[in-house]
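Just below is one structure, and these are the notes that go with it.
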Amino acid sequence: MTTNLNPQKIFIGVSWPYASGKIHIGHLAGQYIACDVFARYHRLKGNSVLMVSGSDSHGTPILFKAEEEKITPEELVAKSHRDILDTYKNLGLIYENYTSTTTKNHEEVVQNVFLVLKERGYIYEDSSKQYFDPKVERFLPDRYVRGTCPKCGNENARGDECPECGTFLDVEDLINPRSTLSDAIPVLKETKHFYLDLKKLEPELEEWIDGSSGNWRKWVREYTKGWIKEGLKSRAVTRDMEFGVPVPVEGWEGKVVYVWIEAVVGYLSAAIEWAENIGKPSKWEDFWKDPSCKHYYFIAGGNTQFHTIIWPAELMGYSEKYDSDELWEKYKLPGETRREKLDLPYDVPSNRMLLFNGKKMSKGENHMITADEMYEKYGTDLTRFFFTRFAPENHDREFSWEDLVTTNNNELVANIGNFINRTLTFTYTKFDKKVPDGNWDESVKTEIDNAFEEVAQYIEQVKLTKSLERILELGAFANKYFNDRAPWVGVKEDEQGAKDTLFNSIQLVNALRLLLRPFTPLACKELGGLLNVKGEFNANDVLIENGVIEKNIDTWAHQPIEAGRVIQEPELLWEKIE
RNA sequence: CGCGGGGUAGAGCAGUGGCAGCUCGUCAGGCUCAUAACCUGGAGGUCGUCGGUUCGAAUCCGACCCCCGCAACCA
């Protein structure tokens, strides 16, 4: 436990959950637990962490859902936001700032970014024809138009894709189109939009991807390169709608900035809001304008290209502001003082899909298990442990309740939990509740030090499943050590030998506690109590209590328990289920 | 030929040219401090298919088959 004199700055952006309901376990497996484990580790390591996210609170589906539930969109969004916060709290998911896209600050930053990109010529105006539902008087997103597939004749094809034959469609090609909102026949209407000129940024983008993607997950890199290979197309960045961030251009009333400009800018606006919240309005620049600050984006599946292509493109285009006296004066961000470029992503450790009965989870089709259900059944630690242990880091993974039970019983309980329990019980009953006076076994010491180092490496590479596997290895080592040394024999025949064994076992128990802090925080805290650990600095607890961490203290190392310390009566940290 | 991921023991997965591994399950044994736990040993695989390169291929090359994801504000 030493002051970290040279803390690494870590910015973590976590994809924004859509505020149309509760989050499900796919979200947990995808990013919300991984980011928290990663952030907790870095805080414990004494690094400077800024992790932000928020509720994505705009868009057509929210309008429709609100209508369905007969409440206002604002009410739906507020309720969803509260639900999400509850879930986070239950699962111990903590952010430096978790906000929402409904804030004035967000609107201001989005409009600022939009206008700079427009001034630099990366956003241009064009018009297109889009289906309009005359009955409900709304333009229709492609997915809200159904009709007959021109390829296979399926009468229920969606405007974007035919679910029957799998073809991606242009909405205008549908035969006999109808609106899913009213069943009315939609009409094609001319509408003007702004487009993001990705083509223009493509060379710069490609160079950046070639240079930076070496440490990305293979599938993320290949997927991204695939998009570039296909050629980037301009995309409309505005929508005909009233619910969202208004397009800040005269004559564009009734249109809003479309999500994949809007939501990703949240990473910046939430950082700015955080700086404001802690009373240091320029502090966000430490994380956004320091090239040594590493930017990680925890996202999942289909969001990948927004973070490896579109968001970097926006940042590149936006950073041209700093080359122009005029733009710099005209478009200052809140609290902005430094005329330096914004940092680009360092890594995008995107996960693949968690499947349930062979299909991915979906809010729309109600094919899901909510995060709340998981929490209510199995609690914080097991939920966190399981979805780290079996995160779909490199390929899709099937979720099953059996795996969850097996993992709990064989790994959390039988490996780690049982070792802790047998050690504490032995100490409590055979050594008068005191840590016996024993000598360090070098092999144990080495094993512990190696574990700290290797687990740290895995986490820093965002190989979280491996990091947990490594901790389980230490648990297996500990059980074997205990078994080989057979202190239950020694306690009668070789008392000092038994004392040595238990002294070292206690150290292993404490090592496991320290290593597991990012993964199973509740049990670690409880175990700290059993071991009578007092006054230990835990940056994550400080963040929960004070909302900010003032000191960078490196606590990622073994902290020995001294002989003679009295321990509490052992209690089970985790129990077998079913 | 749209883009991408995958196919290895009953299950879930590591393994990028050199004796096919890990966890769980299963079988046998040991131990008894511990949550029926822990420890040791065994059985179980023509590495999707076919062809090629090589002294040597799960791994490199070619063809094919199967599963999955991706243009929607679905993580």
Side-chain angles (χ1 to χ4, degrees), chain A residues 15-20 23-32 56-62 141-144 158-161 168-170 218-230 233 235 239 244 258-260 262-263 298-306 350-355 358-365 367-368 389-390 392 394-398 400 402-403 406-407 409-411 413-415 417-427 429-430 465-466 469 472-473 476 479-480 482-484 486-491 498 501-502 505 570 572-576:
Chain A
S15 71
W16 294 43
Y18 196 54
S20 66
I23 60 172
H24 56 66
I25 61 172
H27 298 98
L28 298 182
Q31 68 257 263
Y32 297 129
D56 178 7
S57 308
H58 291 139
T60 317
I62 284 177
D142 293 349
R143 63 191 278 212
Y144 289 102
R158 294 183 310 226
D160 52 356
E161 181 189 354
F168 293 118
L169 303 171
D170 279 327
K218 185 186 157 209
W219 83 265
V220 174
R221 184 172 55 241
E222 295 304 319
Y223 186 75
T224 302
K225 286 186 173 174
W227 272 70
I228 298 273
K229 202 164 88 187
E230 274 187 83
K233 295 186 195 95
R235 295 189 147 212
R239 276 292 184 264
Y258 189 35
V259 63
W260 39 271
E262 196 226 298
F298 281 80
I299 60 167
N303 272 347
T304 304
Q305 68 272 26
F306 296 116
S350 181
N351 279 351
R352 298 189 73 89
M353 292 284 164
L354 186 72
L355 308 176
K359 277 167 60 183
K360 67 175 181 165
M361 300 206 191
S362 142
K363 269 188 208 174
E365 290 166 45
H367 175 67
M368 61 174 197
R389 186 87 177 91
F390 293 115
N394 296 306
H395 44 80
D396 295 346
R397 203 183 262 269
E398 174 75 20
S400 83
E402 292 76 35
D403 282 351
T406 313
T407 302
N409 292 350
N410 292 326
E411 300 194 333
V413 173
N415 178 331
N418 184 56
F419 175 71
I420 291 169
N421 189 49
R422 72 200 291 204
T423 299
L424 294 187
T425 304
F426 202 101
T427 303
T429 56
K430 303 284 197 297
T465 56
K466 281 228 191 293
E469 216 173 288
L472 288 165
E473 262 177 45
N479 272 313
K480 183 161 159 45
F482 200 97
N483 212 69
D484 290 349
W488 55 90
V489 177
V491 80
T501 304
L502 265 294
S505 295
L572 296 181
L573 300 176
W574 304 291
E575 293 187 53
K576 289 214 164 198

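Below, read A as the first sequence line, B as the second, and so on, with proteins coming before strands; counting in each chain starts at 1. None of these values were measured; they are calculated from a predicted model.
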Margin query: Just to verify, what does A:Arg389 make a salt bridge (charged side-chain N to carboxylate O under 4.0 Å, His left out) with, not counting sequence neighbours?
Written below: A:Glu411, A:Glu469
Margin query: Among residues at least two apart in sequence or on other chains, which ones pass salt bridge (charged side-chain N to carboxylate O under 4.0 Å, His left out) with A:Arg352?
Written below: A:Asp396
Tabulate atom names and distances for all N/O pairs under 3.5 angstrom spanning the protein and nucleotides 20-24 of chain B.
{"from": "B:U23", "atom 1": "O2'", "to": "A:Glu411", "atom 2": "OE2", "distance (Å)": "3.4"}
{"from": "B:C24", "atom 1": "O3'", "to": "A:Asn410", "atom 2": "ND2", "distance (Å)": "2.8"}

Notebook entry, point to check: Which listed nucleotide (B:A75, B:C39, B:C33) is nearest to the side chain of A:Lys430?
Noted result: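 Nearest to the side chain of A:Lys430 among the choices is B:C33.
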Next item on the list: Compare the aromatic ring of A:Trp488 with the six-membered base ring of B:C33 and state whether they stack according to the 5.5 Å and 30° rule.
Entry: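 Stacked: ring centres under 5.5 Å, planes under 30°.
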Item checked: Watson-Crick or G-U stems involving RNA chain B, each at least 3 pairs long, distances under 3.5 Å, ordered by first number ->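 Stems found: B:2-7 with B:65-70, B:10-13 with B:21-24, B:26-30 with B:38-42, B:48-52 with B:60-64.
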Looking for any heavy atom pair under 4.0 Å, which part of the strands does [X] touch: base, sugar-phosphate only, or nothing?
X	value
A:Ala476	sugar-phosphate
A:Trp574	base
A:Phe419	nothing

Item checked: A:Lys480 vs B:U40: side-chain N/O to OP1/OP2 distance below 4.0 Å -> yes
Margin query: Which residues pass the side-chain contact (heavy atoms from CB on, under 4.5 Å) test with A:Lys430, not counting sequence neighbours?
Written below: A:Phe426, A:Val491
Check: Looking at side-chain heavy atoms only, is the closest gap between A:Ser350 and A:Tyr223 below 4.5 Å?
Finding: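 No - every pair of side-chain heavy atoms lies 4.5 Å or more apart.
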What's touching nucleotides 3-8 of chain B from the protein side, N or O pairs under 3.5 Å?
{"from": "B:C3", "atom 1": "O4'", "to": "A:Glu230", "atom 2": "OE2", "distance (Å)": "3.0"}
{"from": "B:G4", "atom 1": "OP1", "to": "A:Lys229", "atom 2": "NZ", "distance (Å)": "3.2"}
{"from": "B:G4", "atom 1": "N2", "to": "A:Arg352", "atom 2": "NH2", "distance (Å)": "3.4"}

